[in-house]
Amino acid sequence: MKKEQVLHEIEDCLIRYDFRGLELNIDKLIDVSSEIDACVVLSQLLLKKYTTYSADATAKLMETIIRKKPNLALLEFPSNYFFRLSIICGSMDLYECYI
C-alpha cells in the first residue's frame with residue numbers, strides 16, 4: 001500500500017474519530033515510512049484536527065497513537081513533534097496526554 005493511501009485512511013479515521021482504524025493504520029504507516037517521518041506526519045494531521053472545542057478528543061487520538069507506538073513519543077525528545085504539538089496548541093489536554 002502506498003504512503004498516500006495510508007495517509008488518506010488515517011485522515012478518514014481522524015475525521016470519524018475511529019480509534020480502532022487509527023491503530024491499524026499506524027502500523028501500515030510505519031511499514032511504508034520511517035518512525036520519524038510517521039511522527040512528523042501524524043503530528044501535522046493532529047494539528048490540523050485540533051480546535052479548542054475538540055481538544056479532549058484530539059488528546060484521545062494522540063493517546064491512541066502513543067499507546068500503539070510509544071517510541072514515537074520518545075523520538076528526539078526535546079524537539080519531539082508530539083511535544084511540540086502540545087506546546088504550540090497550548091492545550092493542557094494534549095500536554096497531559098503526552099506526559
Side-chain angles (χ1 to χ4, degrees):
M1 185 176 281
K2 292 185 179 179
K3 184 177 175 181
E4 292 79 24
Q5 292 172 323
V6 174
L7 290 176
H8 179 70
E9 289 181 14
I10 289 175
E11 285 183 70
D12 187 47
C13 291
L14 294 178
I15 291 169
R16 294 182 292 117
Y17 294 103
D18 179 12
F19 302 109
R20 181 68 182 137
L22 181 60
E23 284 182 16
L24 297 173
N25 286 311
I26 289 171
D27 287 331
K28 292 178 187 177
L29 180 62
I30 298 293
D31 289 341
V32 297
S33 66
S34 66
E35 285 188 341
I36 191 69
D37 187 41
C39 183
V40 170
V41 169
L42 290 170
S43 65
Q44 288 173 347
L45 291 174
L46 288 175
L47 181 62
K48 286 186 351 186
K49 181 73 178 157
Y50 176 80
T51 63
T52 54
Y53 178 74
S54 68
D56 57 342
T58 306
K60 178 65 178 165
L61 290 169
M62 189 165 87
E63 177 187 354
T64 302
I65 294 167
I66 292 173
R67 283 191 189 271
K68 183 66 178 179
K69 295 289 183 183
N71 192 37
L72 294 179
L74 301 174
L75 292 173
E76 301 177 359
F77 170 66
S79 61
N80 183 275
Y81 290 96
F82 290 122
F83 180 70
R84 286 182 182 183
L85 173 69
S86 64
I87 299 300
I88 289 171
C89 292
S91 169
M92 281 303 293
D93 292 324
L94 289 176
Y95 180 75
E96 288 174 357
C97 174
Y98 179 79
I99 295 300

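Computed from a predicted structure; not experimentally measured. Keep in mind that the numbers below use all heavy atoms, side chains included, and drop hydrogens, waters and symmetry copies. Throughout, numbering of the chain's residues begins at 1 and tracks the sequence.
Remark: side-chain polar atoms of S54 are not paired, donor with acceptor, to backbone N or O of A57 under 3.5 angstrom. Checked by atom type and distance alone, the side chain of S33 never pairs as donor or acceptor with a backbone atom of I30 at under 3.5 Å.
Closest approach of S91 to A55, counting heavy atoms only: OG-CB, 3.9 Å. Closest approach of E23 and K68 over heavy atoms only: O-CE, 3.6 Å. Taking all atoms of both residues into account, the shortest heavy-atom contact from L42 to I65 is CD1-CG2, 3.9 Å.
Residue pairs meeting the salt bridge (Lys or Arg N to Asp or Glu O under 4.0 Å) criterion with at least one member in residues 32-42, sequence neighbours excluded: K3-D37. For residues 83-99, no residue pair satisfies the salt bridge (Lys or Arg N to Asp or Glu O under 4.0 Å) rule, not counting sequence neighbours.
Between Y98 and F83, a ring centre-to-centre spacing shorter than 6.0 Å is recorded.
Rounding to the nearest 0.5 Å gives a distance of 8.5 Å between CD of Q44 and OH of Y81. One distance of note links SG of C89 with CE of M62; it measures 9.0 Å at 0.5 Å rounding.
Within 6.0 Å of CZ on R20 lie no more than 12 heavy atoms contributed by other residues, nucleotides or ligands.
L72 and I88 are assigned to two separate hydrophobic clusters, defined by single-linkage of ILVMFWY side chains at heavy-atom distances under 4.5 Å. Under a hydrophobic-cluster definition in which Ile, Leu, Val, Met, Phe, Trp and Tyr are linked whenever side-chain heavy atoms come within less than 4.5 Å, directly or via other members, I15 and L61 are assigned to different clusters.
Between K28 and E9 a salt bridge is recorded (basic side-chain N to carboxylate O distance below 4.0 Å).
For the pair K60 and Y17, the cation-pi test (distance below 6.0 Å, angle within 45°) is failed.
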